[in-house]
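Note on naming: letters A, B, ... go to the chains in the order of the sequence lines (proteins, then strands), and numbering restarts at 1 for each one.
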Amino acid sequence: MTDNLPHVRFAPSPTGELHLGGARTALFNWLFARHHGGQFHVRIEDTDKLRSKPEFTDQILESLTWLGLDWDGPLLHQSHRSGQYKQALQALLKTGHAYRCFCSKDKLELDRKQAAKGHEFMYSGTCRDLSDAQIKIRLNQGQTFTLRLRIPEGETVYDDRIYGKVKVNNREIDDFIIARSDGSPVYNLVVVIDDHTMGISHVIRGDDHISNTPKQILIYQALGYDPPIFAHLPMILGPDKKRLSKRHNAPGIQEFRNAGYPPAALVNYLAMLGWNPDTEQEIFTPEELVAAFRLSQVQKKGAVYDEKKLNWVSSKHLLAMTDDDILAGIRSIDPDWQTERPDGYNRLVIEQMKPRVRSLQGLMEDSTFFYQVPEEYDAKTSRKRWPDSEVNNLVRNYYDHLLVQVEWTAENIEWLLRETATEAIVPASKLIHPVRLALTGSGAGPSLFTLMEILGQEACLQRLKLALEKLP
RNA sequence: GGCCCGUUCGUCUAGGGGUUAGGACGUCGGCCUCUCACGCCGGUAACAGGGGUUCAAAUCCCCUACGGGCUACCA
């Protein structure tokens, strides 16, 4: 490119939803581009007609958008470039870098099976040096053929920005197929042409592509293109150290969204998987990540996905978010959440609950007592905090005091409670806990007096009355 | 099988010749306290193994083991 700024791309195939590994690859590309003021492109690799589904494209894009990974320029589709591939194939055939191979699929498969017993399988090169006459005969017979790349002698070397120098003897690479017998180009050719015509300067992708890279470099050379810079990211692993997949019931990005992880938290966590900022900072905003990101700080080894740490990162982000932002986040998952309540009330609830949860979903679930009368009382807490009818007397006294309380503030509520306890010559906690149980149905929750102030006099009285009837 | 890549606490990682091998999550204990969280303090826990090189190796070299990836007319 003429601007000298990096151009990178994320190239998912729409054969499934975006998962963690893909998201991380996209993220690192995006961080790299944004850090250097370059361009981040998204290209949909939809050449596999059978497995590609437009719904998946939509879903992937939605996930990227949700994560905040905005891309530059139009969305590209690989399938729209077929003319160009044909042209390149023709050129390679003409220059002798590619040749026709008439071996049938069945024969190749047989060879492969034979070889499986012994050692490696490589294409034997049967058709490598067919004469023009021989080719003509076969063509006249109507034999179908694939196109193979003629691999030159020597070795292919490249400098991986993460792995360092990677060197492969070309003997290890066989004359692989670049066009199928129906004339369609194969992935390795297609990426090369796409990346070249898009002006991609840095190819940043999963390290499962490391062995493909020399093949692709050979194609670049055959075509007379300059290869881009390569950087291979380590895989994200499951607890068994195998590449993370559905078998680990690894959630797709949409599930993280639905579970109520703030996108910035997921981005933060993913960035820390296999990368480190060279400082001891752990919690980053996306902007801070952009500023700090260096490819050179990327790890070579795979990293195990750890939900516990994600939860921690998420709780940190939640704590740092404003109540309004959290409310907006919740509404983006569930537009109807507590809409019948004033948002002022909801914000108070959020303020109280946000240090106690790890996700928006958790916040919604754990704050139901702010909105409805508890349906039951936690058995263990009941036994411990409300063991007998003496508690009823105590709570009834408090209830009576509250009945006449005109100014409903946390201070007044607390003062009254302590008064009630003092009158009965018991510690305040003897009253605090049963009251909380009556109001929330559980033994845990925000500070009782703040809770009561937020709930309001009417709700508190109603719930106390109910508990007095039902407990112990 | 072949080729490539990797290996520091359970997990994410710092450390690249001389360190009490550091931090974070988790876990355990304590403090705070009306509970639960938050917060704070503290504990637990790692250089895969073996050979070299060196006065000195987690750090450099070699081998082994283990793990992963690739080895398609998939992408």
Side-chain angles (χ1 to χ4, degrees), chain A residues 11-13 15 45-48 50-52 78 101 103-105 108-109 112 115-122 144-148 160 163-164 166-169 171-174 176-188 190-191 206-215 232 234-235 237 239-243 269 272-276 278-283 299-313 315 319 352-358 366 381 384-385 414 417-418 427-433 435-437 440 442-449 451:
Chain A
S13 47
T15 53
E45 311 239 305
D46 52 358
T47 38
D48 186 343
L50 286 176
R51 294 191 297 153
S52 294
Q78 199 164 56
C101 171
C103 299
S104 74
K105 210 171 185 170
L108 293 172
E109 218 147 283
R112 191 171 303 118
K117 294 179 207 154
H119 24 269
E120 81 203 279
F121 166 77
M122 285 179 82
T144 59
F145 59 87
T146 60
L147 255 30
R148 288 183 183 272
D160 194 290
Y163 283 90
V166 178
K167 189 159 62 170
V168 175
N169 194 311
R171 268 192 302 252
E172 307 295 340
I173 306 171
D174 67 355
F176 59 94
I177 290 172
I178 54 177
R180 304 182 184 92
S181 43
D182 65 0
S184 64
V186 143
Y187 170 77
N188 276 322
V190 164
V191 254
D207 72 7
D208 48 339
H209 282 287
I210 267 189
S211 336
N212 274 329
T213 306
K215 294 183 180 180
H232 288 96
M235 305 269 89
L237 277 21
D240 58 357
K241 308 268 188 188
K242 289 199 201 313
R243 182 215 243 144
Y269 174 70
M272 301 306 276
L273 256 196
W275 171 82
N276 79 80
D278 212 18
T279 66
E280 286 188 349
Q281 186 176 350
E282 302 255 2
I283 301 300
Q299 209 78 243
K300 290 186 186 68
K301 68 165 176 176
V304 176
Y305 164 67
D306 178 15
E307 192 181 20
K308 294 221 175 77
K309 187 132 188 185
L310 202 216
N311 283 330
W312 175 76
V313 171
S315 73
L319 221 40
Q352 288 306 308
M353 295 308 291
K354 73 179 170 185
R356 285 160 231 275
V357 296
R358 299 170 310 198
D366 292 354
T381 311
K384 186 171 175 195
R385 306 293 196 187
E414 176 166 9
L417 183 136
R418 294 197 187 276
S429 61
K430 286 281 182 209
L431 186 48
I432 288 173
H433 294 296
V435 171
R436 174 179 289 106
L437 179 66
T440 68
S442 100
S447 165
L448 180 66
F449 310 112
L451 168 71

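As rounded to the nearest Å, rC41(B) and rC25(B) have P atoms that lie 11 Å from one another. Taking atom C1' in both rG22(B) and rU8(B), the straight-line distance is 11 Å, to the nearest Å. The P atoms of rC5(B) and rA75(B) are separated by 26 Å, rounded to the nearest whole Å. For the C1' atoms, the distance linking rC32(B) with rC40(B) amounts to 8 Å, nearest Å. rU59(B) and rG39(B) are spaced 38 Å apart, taking the C1' atom of each and rounding to whole Å. Distance check on atom C1': rG18(B) versus rC3(B) gives 39 Å, rounded to whole Å. Straight-line distance between the P atoms of rC63(B) and rG69(B): roughly 24 Å, to the nearest whole Å. Rounded to a whole angstrom, the distance from the C1' atom of rG30(B) to that of rU20(B) is 24 Å.
When both pairing distances are held under 3.5 Å, rG42(B) makes a Watson-Crick or G-U pair with rC28(B). Base-pair partner of rA14(B): not found among the strands shown (Watson-Crick or G-U wobble, both distances under 3.5 Å). Across all strands shown, rC34(B) forms no Watson-Crick or G-U wobble pair with both key distances under 3.5 Å. A 3.5 Å limit on both hydrogen-bonding distances identifies rG69(B) as the Watson-Crick or G-U partner of rC3(B).
Within 4.0 Å (heavy atoms only), R243(A) reaches sugar-phosphate atoms of the nucleic acid but no base atom. Counting non-hydrogen atoms under 4.0 angstrom, G274(A) reaches the backbone sugars and phosphates but no base. Here Q78(A) lies in heavy-atom contact (under 4.0 Å) with sugar-phosphate atoms only. Contacts of S13(A) with the nucleic acid, taken as non-hydrogen atoms under 4.0 Å apart, involve only primed sugar atoms and P, OP1 or OP2. Contacts of H232(A) with the nucleic acid, taken as non-hydrogen atoms under 4.0 Å apart, are absent. Using a 4.0 Å heavy-atom cutoff across all strands shown, N212(A) reaches at least one base atom of the nucleic acid.
Rounded to whole Å, atom P of rU71(B) lies 15 Å from atom CD of E172(A). In this structure, CG of N276(A) is placed 15 Å from C1' of rC25(B), rounded to the nearest angstrom. The CZ-C1' distance, from R356(A) to rG39(B), rounds to 12 Å in whole Å. Whole-Å rounding puts the Y187(A) OH to rU71(B) P distance at 11 Å. Between N169(A) atom CG and rU71(B) atom P there is a gap of 19 Å when expressed in whole angstrom units. Rounded to whole Å, atom P of rC12(B) lies 17 Å from atom CG of N311(A). As rounded to whole Å, 11 Å separates atom P of rC73(B) from atom CG of N188(A). The interatomic distance linking L319(A) (CG) with rG39(B) (P) rounds to 7 Å, in whole Å.
By the rule that a glycosidic angle within 90° of 0 means syn, rG16(B) counts as syn.
The shortest side-chain heavy-atom distance between H232(A) and V166(A) does not fall under the 4.5 Å cut-off. Side-chain contact check for P234(A) versus K300(A): every heavy-atom pair is 4.5 Å or farther apart. Counting heavy atoms from C-beta outward, D208(A) and R243(A) have side chains that approach closer than 4.5 Å. Residues L417(A) and F449(A) form a side-chain contact, since some pair of their non-hydrogen atoms from C-beta on lies under 4.5 Å apart. With a 4.5 Å cut-off on side-chain heavy atoms, V190(A) and N188(A) do not count as touching. The side-chain heavy atoms of I178(A) and P185(A), taken from C-beta on, include no pair separated by under 4.5 Å.
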Contact string for nucleotides 29-34 of chain B, one letter per nucleotide 5' to 3', B = base within protein heavy-atom range under 4.0 Å, S = sugar-phosphate only, - = neither, reads -----B
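Where E45(A) and L273(A) each meet RNA chain B at their nearest nucleotide, the meeting point lying more 5' is that of L273(A). Both P185(A) and W275(A) lie near RNA chain B, and the one whose nearest nucleotide falls closer to the 5' end is W275(A).
Among residues two or more places apart in sequence or in another chain, the side-chain contact (heavy atoms from CB on, under 4.5 Å) test is passed with S181(A) by T144(A), T146(A). Residues meeting the salt bridge (charged side-chain N to carboxylate O under 4.0 Å, His left out) test with K215(A), sequence neighbours left out: none. Residues that satisfy the ring pair (Phe, Tyr, Trp, His ring centres under 6.0 Å) test with Y163(A), not counting sequence neighbours, are absent from this structure.
In this structure, S13(A) contributes its side chain and T15(A) its backbone to no donor-acceptor pair below 3.5 Å.
Scanning both residues, I177(A) and V186(A), for their nearest heavy atoms gives O-CG1, 3.7 Å. When all heavy atoms of V168(A) and E172(A) are compared, the closest pair comes out as CG1-CB, 4.1 Å. The minimum heavy-atom distance linking Q281(A) with I283(A) is given by the pair NE2-O, 2.9 Å. Contact record, G445(A) with R356(A): O-NH1, 3.4 Å, taken as the closest heavy-atom pair.
The residues R358(A) and E307(A) are annotated as not salt-bridged, no charged nitrogen and carboxylate oxygen being separated by less than 4.0 angstrom.
Of the candidates rC12(B), rU35(B), rU71(B), rU71(B) carries the atom nearest the K215(A) side chain, counting heavy atoms from C-beta on. With rC73(B), rC25(B), rG67(B) as the candidates, the nucleotide lying closest to the side chain of K105(A) is rC73(B).
One can find a donor-acceptor pair under 3.5 Å joining the base of rC73(B) and the side-chain atoms of S181(A).
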Please enumerate all protein N or O atoms sitting under 3.5 Å from an N or O of nucleotides 22-24 of chain B, with distances to 0.1 Å.
from, atom 1, to, atom 2, distance (Å)
rG23(B), O4', E280(A), OE2, 3.4
rA24(B), O4', E282(A), OE2, 2.9
rA24(B), O2', E282(A), OE2, 3.3
rA24(B), O2', K309(A), NZ, 3.3
rA24(B), N3, K309(A), NZ, 3.2

Any N/O pairs under 3.5 Å between the protein and nucleotides 5-9 of chain B? List them or say none.
from, atom 1, to, atom 2, distance (Å)
rU8(B), OP2, K301(A), NZ, 2.4

